[in-house]
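Okay, structure first, notes after.
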Amino acid sequence: MSHIASVNDRRTATDLATIQPRSKPREHIAYIEYFRAMAILMIISGHTFVLAWSHFADEDPTTAGLSFLNVVPSLINSGTAYFVFISGFLYGQVFFDRMPFAEFMRRKALYIGLPYLCMGLPVALAEIASGTFSITMMKDGVAYPQNSFVDLVVLMATGRMVNAYWYIPFIFLVFLASPLFDRFIRLPAHLRFGIVAAAFVVAMWVHRPIGNLNPFHSFLYFANIYMFGMLFCEHRHRIMAYVARPLPVALLACLILAIAFAQALVFNDTSNIERAPGDGWMPLGFDLMLIQKYVGFFLFCGFFALWGGYAAKPLRYLAHNSFGLYFVHAIVIAVLMRMPMALSPHVGEPITDFLLYFSAVLAISLMTIELGKRLLGKCSRYIIGC
């Protein structure tokens with residue numbers, strides 16, 4: 001399998017035994033690292049649409065009748081599914097059977113939970129202080145006075161303060177469910193595939209929660225992808241023997257494009273189907289986006305195994321800073337959304353404005369991260385995520 005980008009860890013057996021007695025030799029799988037870099041770029045670009053196409057302008061192809069251009073958001077939206085897949089893959093490859101649950105949660109609390117508090121809490125407090133967000137509590141038809149503490153709890157529990165932070169409360173539910181996922185990994189193969197298939201059907205039934213603001217609902221939707229990442233990790237050598245070749249990659253690319261065109265031109269829906277609280281329990285439609293992302297798992301693993309090495313340095317840099325980019329870019333977009341019209345120029349062409357604003361958000365986010373690292377030193381990982 002020399003054609004697949006994967007190298008062995010260089011630590012000696014003695015070092016491994018000294019660090020952690022239960023540890024086993026572990027691969028550094030380069031194509032997953034490169035895939036992680038692409039995933040964070042897709043997430044940032046998906047969040048940039050609102051800035052480029054609806055901030056003092058109405059260039060959104062989905063509302064302007066530009067059906068052909070809808071293929072672009074069709075391919076980019078729901079990039080978080082790739083992050084969830086990679087998280088499941090890495091859990092099976094890095095953490096399972098190597099780290100006690102308590103230590104696993106301690107690390108996640110330090111490296112993800114603490115940055116979430118440091119980055120999200122000030123924004124949540126600013127939202128409450130400005131009167132932008134408040135919860136109205138009702139009992140027996142009577143409205144209770146606004147309570148800032150309740151508002152803060154709701155914001156932090158849902159990540160509503162900026163459009164990307166919903167992922168953190170959701171992923172912590174996934175982390176807390178790790179003992180269940182450990183049991184899943186130990187099940188016979190036929191049961192595991194059956195559970196993933198059942199979880200996929202559940203996702204197609206429940207859809208994503210409106211605005212991604214219900215972490216438990218998001219868990220139901222994304223659990224199949226997380227578990228599929230574990231299965232992919234376990235069977236990666238056999239899978240990559242098939243997909244890490246030019247012809248399968250080309251066929252998968254054609255398939256994902258065909259699905260995106262169907263979403264854009266046939267179904268006129270460029271994102272996931274979302275379920276609002278009043279939508280009942282019946283399926284609301286066929287979620288082609290979920291199918292598209294499953295094709296993407298195979299496509300991008302194969303693509304980066306073949307050709308990711310040609311851009312290894314920038315991809316590794318982006319992957320290393322991916323969580324920092326996740327935390328910072330959302331605040332950068334929130335700030336730019338509040339800029340006056342004079343400081344939010346638009347060319348008038350949807351794709352041009354999208355590329356300009358995506359580049360601006362990415363550049364400002366990376367500069368902020370580098371500045372944060374210089375100022376905070378080793379503490380930066382606990383504050384900005386990298």
Side-chain angles (χ1 to χ4, degrees), residues 4-7 28-49 71-91 93-94 164 167 171 222 225-226 228-229 232-233 236 239-240 243-246 248-257 259-260 270-272 289-330 332-333 351 354-355 357-363 365-366 369 385-386:
I4 296 177
S6 177
V7 296
H28 167 236
I29 301 175
Y31 59 83
I32 288 293
E33 184 178 27
Y34 304 152
F35 193 175
R36 185 177 178 180
M38 190 210 72
I40 190 60
L41 291 179
M42 292 188 73
I43 289 169
I44 293 172
S45 60
H47 293 153
T48 306
F49 290 140
V71 175
V72 175
S74 294
L75 288 169
I76 291 174
N77 280 333
S78 196
T80 307
Y82 295 134
F83 238 37
V84 176
F85 167 80
I86 293 167
S87 295
F89 186 106
L90 292 177
Y91 183 80
Q93 194 245 342
V94 177
Y167 181 79
I171 202 63
F222 285 109
I225 296 175
Y226 192 75
F228 182 74
F232 195 107
C233 174
R236 62 186 180 274
I239 294 171
M240 296 304 290
V243 302
R245 294 183 292 173
V249 168
L251 293 175
L252 287 167
C254 291
L255 180 57
I256 203 170
L257 282 171
I259 295 172
T270 63
S271 189
N272 294 97
M289 184 63 80
L290 191 57
I291 305 293
Q292 186 208 111
K293 296 313 175 192
Y294 266 86
V295 176
F297 302 151
F298 295 95
L299 166 62
F300 294 117
C301 284
F303 177 87
F304 286 117
L306 285 174
W307 299 301
Y310 290 106
K313 189 172 182 179
L315 289 172
R316 285 174 182 159
Y317 173 76
L318 290 170
H320 178 71
N321 291 290
S322 59
F323 266 111
L325 282 168
Y326 197 94
F327 284 117
V328 171
H329 90 275
V332 170
I333 290 175
I351 298 301
F354 164 66
L355 291 174
Y357 276 98
F358 166 71
S359 301
V361 170
L362 180 61
S365 299
L366 287 172
I369 287 170
C386 63

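Values reported hereafter were calculated over all heavy atoms of this structure, with side chains retained and with hydrogens, waters and symmetry mates removed.
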(request) Heavy atoms only: give me the nearest G324-C386 pair and the separation to one decimal. (result) CA-SG, 3.7 Å
(message) Within the 4.5 Å heavy-atom criterion, are F358 and H47 side-chain neighbours or not?
(response) no
(message) Does any part of the side chain of S271, heavy atoms only, come nearer than 4.5 Å to the side chain of F49, both counted from C-beta?
(response) no
(request) Measure centre to centre between the rings of F298 and F228, then say whether the value is under 6.0 Å. (result) yes
(message) Could you work out, with side-chain hydrogen bond (donor to acceptor under 3.5 Å, both in side chains) as the rule, every residue matching N321, not counting sequence neighbours?
(response) K373
(request) Work out which heavy atom in K293 is nearest to a heavy atom in A81; give both atom names and the distance. (result) CG-CB, 3.9 Å
(request) Without swapping roles, check the side chain of Q93 against the backbone of I29 for a donor-acceptor pair under 3.5 Å. (result) no
(message) Could you go through I171 and F222, starting from their C-alpha distance and side-chain angles, then the distance that decides it, and tell me whether this counts as side-chain contact (heavy atoms from CB on, under 4.5 Å)?
(response) CA-CA 10 Å; I171 202 63; F222 285 109; over 6 Å; no
(request) Looking only at non-hydrogen atoms, find the nearest pair between L75 and A260 and report the distance. (result) CD2-CB, 3.6 Å
(message) I need the minimum non-hydrogen distance between Y82 and A39, along with the two atoms involved.
(response) CB-CB, 3.9 Å
(message) Within the 4.5 Å heavy-atom criterion, are V84 and Y167 side-chain neighbours or not?
(response) yes
(request) Hey, could you give me the CD1/CE distance between I43 and M38, rounded to the nearest 0.5 Å? (result) 9.5 Å
(message) Given 3.5 Å as the limit, does a donor-acceptor pair link the side chain of R36 with the main chain of E33, or not?
(response) no
(message) For the CD1 atom of I369 and the CG atom of L325, what is their distance to the nearest 0.5 Å?
(response) 4.0 Å
(request) Measure from the ring center of Y294 to the ring center of F297 and say whether it is less than 6.0 Å. (result) yes
(request) Assign the ring pair Y91 / Y226 to parallel, tilted or perpendicular, where the plane angle (0 to 90°) is split at 30° and 60°. (result) tilted
(message) Once rounded to the nearest 0.5 Å, what's the spacing between atom OG1 of T48 and atom CG of L355?
(response) 10.0 Å
(message) Does any part of the side chain of V249, heavy atoms only, come nearer than 4.5 Å to the side chain of L299, both counted from C-beta?
(response) yes
(request) Please report the closest heavy-atom contact between S365 and V332, naming both atoms and the distance. (result) OG-CG2, 3.7 Å
(request) Could you grab the distance from atom SG of C254 to atom CD1 of I259, nearest 0.5 Å is fine? (result) 11.5 Å
(request) Can you label the angle between the F89 ring and the Y31 ring as parallel, tilted or perpendicular, going by 30° and 60°? (result) perpendicular
(request) Examine distances only and state if a side-chain atom of H329 and a backbone atom of Y326 form a donor-acceptor pair shorter than 3.5 Å. (result) yes
(message) Using only atom types and a distance under 3.5 Å, with no angle test, would you say the side chain of Y34 pairs donor to acceptor with the backbone of A311?
(response) no
(request) Give, for atom CZ of F83 and atom CD1 of I225, the distance between the pair rounded to the nearest 0.5 Å. (result) 13.5 Å
(request) State the CD1-OG distance between I44 and S322, to the nearest 0.5 angstrom. (result) 9.5 Å
(request) List the steps and the verdict of side-chain contact (heavy atoms from CB on, under 4.5 Å) for F232 and I32. (result) CA-CA 11 Å; F232 195 107; I32 288 293; 5.7 Å; no
(message) Please find the pair of heavy atoms, one from G308 and one from L315, that lie closest to each other, and give the distance.
(response) O-CD1, 3.7 Å
